[in-house]
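Below is one structure, written out as structure tokens, with a few remarks after it.
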Amino acid sequence: MSDVETTLRGPEAYKIARRALDLMERHQIWPTALNFELWTHYVADPDGALAREITRLISMGEPITEMLSEELAAAYLPKARLNEQIRDAGDLLSKELESVSKAIQNAQKTNAAFGKTLAGVSKDLDAPTGVEGIKAVVSSLAEATRQVAKENKALESRLADSTAEVDRLREHLEQVRRDATTDGLTNLANRKAFDEELERACAEADEAGSAICLAVLDIDHFKGFNDTWGHQTGDQVIRYVASVIGRVAALPRFAARYGGEEFAMIFPGEAAATVSATLEEIRVEVSSRMLKRRSTNEDLGAITLSSGFAERRKGETGHSVMERADAALYASKRSGRNRVTAADTQAESANAA
């Protein structure tokens with residue numbers, strides 16, 4: 001999920017939406033779903049490429065028509081770009097398959113003609129004939145054979161080219177799929193990919209009767225840090241934390257940037273003690289490094305991380321286990337931050353109180 005999409009799922013979203021509608025009304029732009037998406041992105045990310053382009057168009061007196069809105073969406077909105085890439089790849093694949101189909105049809109016609117030639121040759125050989133007649137039959141058969149060989153070679157070449165092209169399209173679509181499920185800032189999976197993986201992992205665990213642990217991790221005091229040092233330095237911190245998480249998230253584990261400064265991890269088939277130790281390892285590594293601001297080399301101080309995790313109960317939904325892990329995270333925050341809390345431990349403490 002992009003930072004803009006994260007912002008639009010927070011308390012600022014209503015203010016952004018109202019501001020977007022005001023701007024659309026001022027510039028006489030109809031509040032269609034597409035226009036509303038464009039202008040909320042414009043307001044939420046005023047320094048972004050989309051906002052700069054809209055500002056340029058307005059300054060030139062360019063009317064924002066429906067056609068122009070569609071072009072802007074295709075160029076700057078991630079979902080629209082993804083849909084366009086998939087459509088383009090689908091069109092190319094359709095053309096490739098049509099071309100192969102024609103090559104096969106041509107080969108079939110040539111083979112059918114060759115069959116007729118063989119049938120004619122058989123009849124000619126059955127009838128009494130002289131040397132010249134036999135030469136004519138052989139010549140006819142040789143020519144038909146050459147034609148079939150030529151057509152088959154052309155088909156073989158076309159199929160080889162087509163196979164290469166289909167492989168290229170497959171790789172392209174796989175890259176599109178990866179882009180659609182990867183967070184652009186951290187190169188971890190995004191929220192959409194995490195939700196899909198969690199659903200898949202829960203189903204697999206129910207089938208195999210195995211365990212799953214789910215963890216949520218959050219950078220402490222990140223808003224204050226962002227306000228002090230700016231978004232670019234904040235992005236630097238997010239990338240650093242993501243790199244630490246990514247190093248311990250080798251398969252079958254699964255890590256994602258869940259939104260903003262929050263991360264989530266799935267631990268299939270691992271005991272709670274192992275998960276707790278892994279989260280503690282991440283916490284210690286993150287807090288042990290003194291970061292510096294790249295642009296000025298100023299000391300940023302230590303970054304700390306709070307975590308909460310829950311062990312999935314048999315048959316429990318992904319949403320439910322996520323809620324318990326999230327509650328454990330907030331227990332870590334309430335207890336002073338920079339710590340790991342297990343959901344069951346949190347529940348036991350609450351019951352004891």
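Nearest approach of Ala242 to Leu188, heavy atoms of both residues: CB-CD1, 3.8 Å. In terms of heavy-atom proximity, Ala17 sits nearest to Phe36 at CB-CZ, 3.7 Å. Between Leu279 and Ser307 the shortest heavy-atom distance is CD1-CB, 4.3 Å. Between Val340 and Ser276 the shortest heavy-atom distance is CG1-OG, 4.4 Å. Smallest separation of non-hydrogen atoms from Ala249 and Ala255: CB-CB, 3.5 Å. In plain terms, the two heavy atoms of Glu311 and Arg324 that are nearest each other are O-NH2, 2.6 Å.
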Using a 3.5 Å cut-off and no angle test, enumerate the donor-acceptor pairs between side-chain atoms of residues 25-33 and protein atoms at least two apart in sequence or in another chain.
{"unit_1": "Thr32", "atom_1": "OG1", "unit_2": "Asn35", "atom_2": "N", "d": "3.2"}
{"unit_1": "Thr32", "atom_1": "OG1", "unit_2": "Asn35", "atom_2": "ND2", "d": "3.2"}

Quick one: side chains of residues 205-217, donor-acceptor pairs under 3.5 Å with protein atoms, not counting sequence neighbours, listed by atom name and distance.
{"unit_1": "Asp206", "atom_1": "OD1", "unit_2": "Arg312", "atom_2": "NH1", "d": "3.1"}
{"unit_1": "Asp206", "atom_1": "OD1", "unit_2": "Arg312", "atom_2": "NH2", "d": "3.1"}
{"unit_1": "Asp206", "atom_1": "OD2", "unit_2": "Arg312", "atom_2": "NH2", "d": "3.0"}

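Counting heavy atoms from C-beta outward, Glu62 and Arg56 have side chains that stay 4.5 Å or more apart. A 4.5 Å side-chain heavy-atom check between Tyr240 and Thr186 finds every atom pair outside the cut-off. At least one side-chain heavy atom of Leu57 sits less than 4.5 Å from a side-chain heavy atom of Leu72. Tyr258 is not listed as a side-chain neighbour of Asp218, based on a closest heavy-atom distance of 4.5 Å or more. You'll find the side chain of Phe225 reaches within 4.5 Å of the side chain of Ile303, heavy atoms only.
Salt bridge annotation for Arg289-Glu285: absent, with no cationic side-chain nitrogen under 4.0 angstrom from a carboxylate oxygen. Under a 4.0 Å N-O distance rule, the pair Glu196/Arg200 does not qualify as a salt bridge.
No donor-acceptor contact under 3.5 angstrom links the side chains of Thr304 and Asn338, judged on distance only. Side chains of His319 and Glu323: a donor on one and an acceptor on the other come within 3.5 Å. Between Asp220 and Ser306, the side chains place a donor N or O and an acceptor N or O closer than 3.5 Å (distance only, hydrogens not considered).
By the neighbour-count criterion of 12 heavy atoms within 6.0 Å, atom OH of Tyr330 is sparsely surrounded, having that number or fewer from other residues, nucleotides or ligands. Surrounding CD of Glu280 are more than 12 heavy atoms belonging to other residues, nucleotides or ligands, all under 6.0 Å away. Counted within 6.0 Å of CZ on Arg239, heavy atoms from surrounding residues, nucleotides or ligands total more than 12; the atom is thus considered enclosed.
Expressed to the nearest 0.5 Å, how far CH2 of Trp39 lies from OG of Ser69 amounts to 8.5 Å. Met24 contributes atom CE, which lies 13.0 Å from atom CZ of Arg19 (distance to the nearest 0.5 angstrom). Here the CG atom belonging to Leu50 is positioned 8.5 Å from the CD atom belonging to Glu53, to the nearest 0.5 angstrom. Thr278 contributes atom OG1, which lies 13.5 Å from atom CZ of Arg283 (distance to the nearest 0.5 angstrom). Note that NZ of Lys192 is 12.5 Å distant from CD of Glu197, once rounded to the nearest 0.5 Å. Between atom CE of residue Met322 and atom OG of residue Ser320 there is a gap of 12.0 Å, rounded to the nearest 0.5 Å.
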Taking it one step at a time, do Met265 and Ile282 satisfy side chain to side chain contact (heavy atoms under 4.5 Å, CB included)? CA-CA 12 Å; Met265 293 182 71; Ile282 294 170; 3.9 Å; yes
Would Asp326 and Leu329 satisfy side chain to side chain contact (heavy atoms under 4.5 Å, CB included), going step by step from the backbone distance to the final call? CA-CA 5 Å; Asp326 212 38; Leu329 165 66; 3.9 Å; yes
Arg18 vs Asp22, test: salt bridge (charged side-chain N to carboxylate O under 4.0 Å, His left out). Steps then yes/no. CA-CA 6 Å; Arg18 283 191 289 270; Asp22 288 344; over 6 Å; no
Let me see the working for His221 and Arg337 under side chain to side chain contact (heavy atoms under 4.5 Å, CB included), right down to the final yes or no. CA-CA 9 Å; His221 302 296; Arg337 296 180 170 81; 3.5 Å; yes
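Checked against salt bridge (Lys or Arg N to Asp or Glu O under 4.0 Å), Arg253 has the following partners two or more places apart in sequence or in another chain: Glu270.
For the pairing with Arg257, the side-chain contact (heavy atoms from CB on, under 4.5 Å) check across Val241, Ile245, Ile238 returns one residue only, Ile238.
Ring geometry, Phe194 versus Phe254: the interplanar angle falls from 30° to 60°, so the pair is classed tilted.
The main-chain N or O of Arg313 is found under 3.5 Å from a side-chain atom of Glu316 such that the two form a donor-acceptor pair.
Under a hydrophobic-cluster definition in which Ile, Leu, Val, Met, Phe, Trp and Tyr are linked whenever side-chain heavy atoms come within less than 4.5 Å, directly or via other members, Val248 and Val244 are assigned to the same cluster. Under a hydrophobic clustering in which Ile, Leu, Val, Met, Phe, Trp and Tyr are joined whenever their side-chain heavy atoms come within less than 4.5 Å, directly or via other members, Leu68 and Leu23 fall into the same cluster.
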